[in-house]
Amino acid sequence: MGCASSVPDRTARGPNGLNPGGDGPSDAKNLKVKLVLLGDSGVGKSCIVLRFVRGQFDPTSKVTVGASFLSQTIALQDSTTVKFEIWDTAGQERYAALAPLYYRGAAVAVIVYDLTSPESFTKAQYWVKELQKHGSPDIVMALVGNKADLLDRREIPAEEGIEYAEKNGMFYIETSAKTADNINQLFEEIAKRLPRPDTSQ
Amino acid sequence: MASDSTSSSSDSAYDSAADHNPNSDTPINNHDSAIDDHLTSLTLTPLDEDLAPEKEREIEETDQTPMPEIGVTEVEEEAADVLASEVVVEEERESNSVSATGDVGLAWREEEVEAPASPGSSGYAGERGSSNASSASGIEEIGEDQVAERDGGLVNGVADSQPAWIPGKRHVNEDDTSILWRRRKKHFFILSHSGKPIYSRYGDEHKLAGFSATLQAIISFVENGGDRVKLVRAGKHQVVFLVKGPIYLVCISCTEEPYESLRGQLELLYGQMILILTKSVNRCFEKNAKFDMTPLLGGTDAVFSSLIHSFSWNPATFLHAYTCLPLAYPTRQAAGAILQDVADSGVLFAILMCKHKVVSLVGAEKASLHPDDMLLLSNFVMSSESFRTSESFSPICLPKYNSMAFLYAYVQYLDVNTYLMLLTTRSDAFYHLKECRASIEAVFLKSNVLSEVQRSMLDGGMHIEDLPVDPSSRSGSASSHLGQHSPERFRDTYTSLGGPCGLWHFIYRSIYLDQYVSSEFSAPINTPQQQKRLYRAYQKIYASMHDKGFGPNKTQFRRDDNYVLLCWVTQDFELYAAFDPLADKAMAIKTCNRVCQWVKDVENEIFLLGASPFSW
């Protein structure tokens, strides 16, 4: 984007990009997955993550620089655990060229837009296309309409989001990081949809 | 030139000093006699001392005059006219008619004016002054100094006390048509060579498109004549220009800072932009001259505003040196050892900092980190709130290291003020750096590094009240440590006087180490505006000592209404000391020698010694 020439030297990058390192591999009972959040700046990616990981919400907006790394483990009903290693990327335009660094090798992509902002919905579609082209082929994708608490300012009707998600093989959910609405559900739903290693081996 | 007469840069005198002390190994006492001779020769009799203040004040005024010659051409005068009609006339009126009280109150508590933003009344601060001044009075005492304070540029920032300062853009609603905007003491602009605004300290960039185009017109008008505009003086205002390829930087200021200082600030501002984007951003302009750069800098207002704020309190911005957190030698060694292990595992730079002070720092072999890069990097990290929430991995560029390429910075706060930065060239190194951080943290826990850091934050570094009384009696004693305040320190006796012999404050810069140490502020330099005024005085004297036109000065003794400033530059160090304006010159010189001895005594606690990355 804008400044594609400032992309770092791609050859310097290892084959797997930023993929989880040594500390204990996934097994059938304890999954470890790399998850990346993408979306326009200000849609609430960091708020969703901080709500999920720490149960906090900070209304003062803090612009993410580069990408933040957080992890959170959830237990599912079938007694398996899923450890999410989350890359919360910066939505700023200058980091767009660096996004492959963070989404390469990701098993899950959460694409977030702001229900009150049509531009952010357009940007979400850009990220979906980008991941379809360059992401892992079996990546699980979620389309998240955030800021569901701002009912009276909604610009994107739910149907539009659902329709777009269905067309692109994603699942759709509306969340509010502010009220915590649907935040855990989002990650539980992702966990359910993850391919299990024992079925593939 | 005028300053020369007082500052006695007579070469012969200096040479004799230099001969005695060819390097830092020489006992510092030799310096003592040298500077004694050197400076006392200026004051031959006590009578002379009485005359001195007046003479020096006069010089203070006259030495302003040579400035405008710098880089000002005939063409620029025309440019000045253009500008005068655009901006400065307005400002002149302001400075003449605005009541000082109103002005100070107005800008001091900028939030107050923000909400109404209705300069429509008449723009005379006097009218609104009463309410603003009263609202400000809670924060600052407007004393008899108010005019001087105002002239000293107190107004240019927000509340300049560090704790009260909040990063981020202010006055977004203003533009060049609003009187408040015009009244700001110090503007910074970044624009593209096609005149598109990129950054403005105050006001919304897009609304300033017209103003930005005017600046561009001035620059290109001069360039078309085969010349380059550096400085325009218009009344009390200086307009400083810096051209960096397709990027233009402009500062408009009535703070009376020297041209060199303002230019240095523009250089840092440019460096900060490069840190965020790398110089390859220039290619965007090759492809499209009208390229709009503002989206690329989205969300970075706080980074720039915090840098600009540091121009009024952080000596690193003009000394081009960094400062260390005072720490017991073994503690710093322990921190350095583990950082060295990490650096050996393929990390380019491992830096541990507490606020803007370095705790320890290690670079890979042959990699050197410029103090300006450290300043810009720590400013970037400290002003970007998101680093505090979780560990981050972010591309950054160190402009003096390699302005074309990104490095990758792993950043993690270890406690509320202390943060670790691991820099690498490898974009896939995150998990390795994460492991490095874990091992570093484990070592810090074992050797109490973080608790020592916190203790040092509370204790502070060099308190002038602790200046050893008689250096000769304690020379060779290795027992002096910081933070071991003797109970008989007479702190109470000194509270109104500052340190011994009227010493108020000092900054010592070690040339070989690229480091400086500054004494803690204490009475009477204990309000933010007094600290800022002293900062400006240091900045000015630094510029005059390093003025190429006048040849490097070696010593300077300057007395004005506010201070005696004594400044001494050798091959090894630079010392800047501020005294009570009534301080005795001979005593001041003696005190400076004691300060140097003191610094030498505690150097392994206040400096990072043996840091290889600076050996270029």
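Side-chain atoms are counted along with the backbone in the values below, which use heavy atoms only and exclude waters and symmetry mates. Here is the naming used below: chain letters follow the sequence lines, and residue numbers restart at 1 for every chain.
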Could you have a look at B:Ser384, B:Gly298, B:Pro295, B:Pro395 and say which one has the most heavy-atom pairs with chain A under 4.5 angstrom?
B:Gly298
Worked check of ring pair (Phe, Tyr, Trp, His ring centres under 6.0 Å) between B:Phe349 and B:Tyr401:
CA-CA 11 Å; B:Phe349 296 111; B:Tyr401 181 73; 5.5 Å; yes
In residues 267-274 of chain B, what donor-acceptor pairs under 3.5 Å come from side-chain atoms, sequence neighbours left out?
from: B:Glu267; atom 1: OE1; to: B:Lys244; atom 2: NZ; distance (Å): 3.0
from: B:Gln272; atom 1: OE1; to: B:Asn379; atom 2: ND2; distance (Å): 2.8
from: B:Gln272; atom 1: NE2; to: B:Leu376; atom 2: O; distance (Å): 3.3

Measure B:Ile276 against the heavy atoms of chain A and call it side chain, backbone, both or neither at under 4.5 Å.
both
Result for side-chain hydrogen bond (donor to acceptor under 3.5 Å, both in side chains) between A:Asn168 and one of A:Gln125, A:Gln132, A:Glu163 points to A:Gln132
Within 45° of the six-membered ring axis of A:Tyr126 and under 6.0 Å from that ring's centre, is NZ or CZ of A:Lys129 located there?
no
Per-residue contact mode, B:Lys279 against chain A (heavy atom under 4.5 angstrom):
neither
Taking ring pair (Phe, Tyr, Trp, His ring centres under 6.0 Å) as the test, write out the residues that go with B:His432, two or more places apart.
none
Applying a criterion of heavy atom separation less than 4.5 Å, what residues of residues 67-75 of chain A form contacts with chain B?
A:Ala67, A:Ser68, A:Phe69, A:Leu70
Does the distance from a Lys or Arg side-chain N to an Asp or Glu carboxylate O, for A:Lys45 and A:Asp88, drop under 4.0 Å?
no
Ring pair (Phe, Tyr, Trp, His ring centres under 6.0 Å) against A:Phe57, all qualifying residues, sequence neighbours excluded:
none
Mind ranking B:Cys397, B:Ser394, B:Ala409 by heavy-atom pairs under 4.5 Å with chain A and telling me who comes out on top?
B:Ser394
Under 3.5 Å side-chain donor-acceptor pair for B:Glu391 and B:Tyr410:
yes
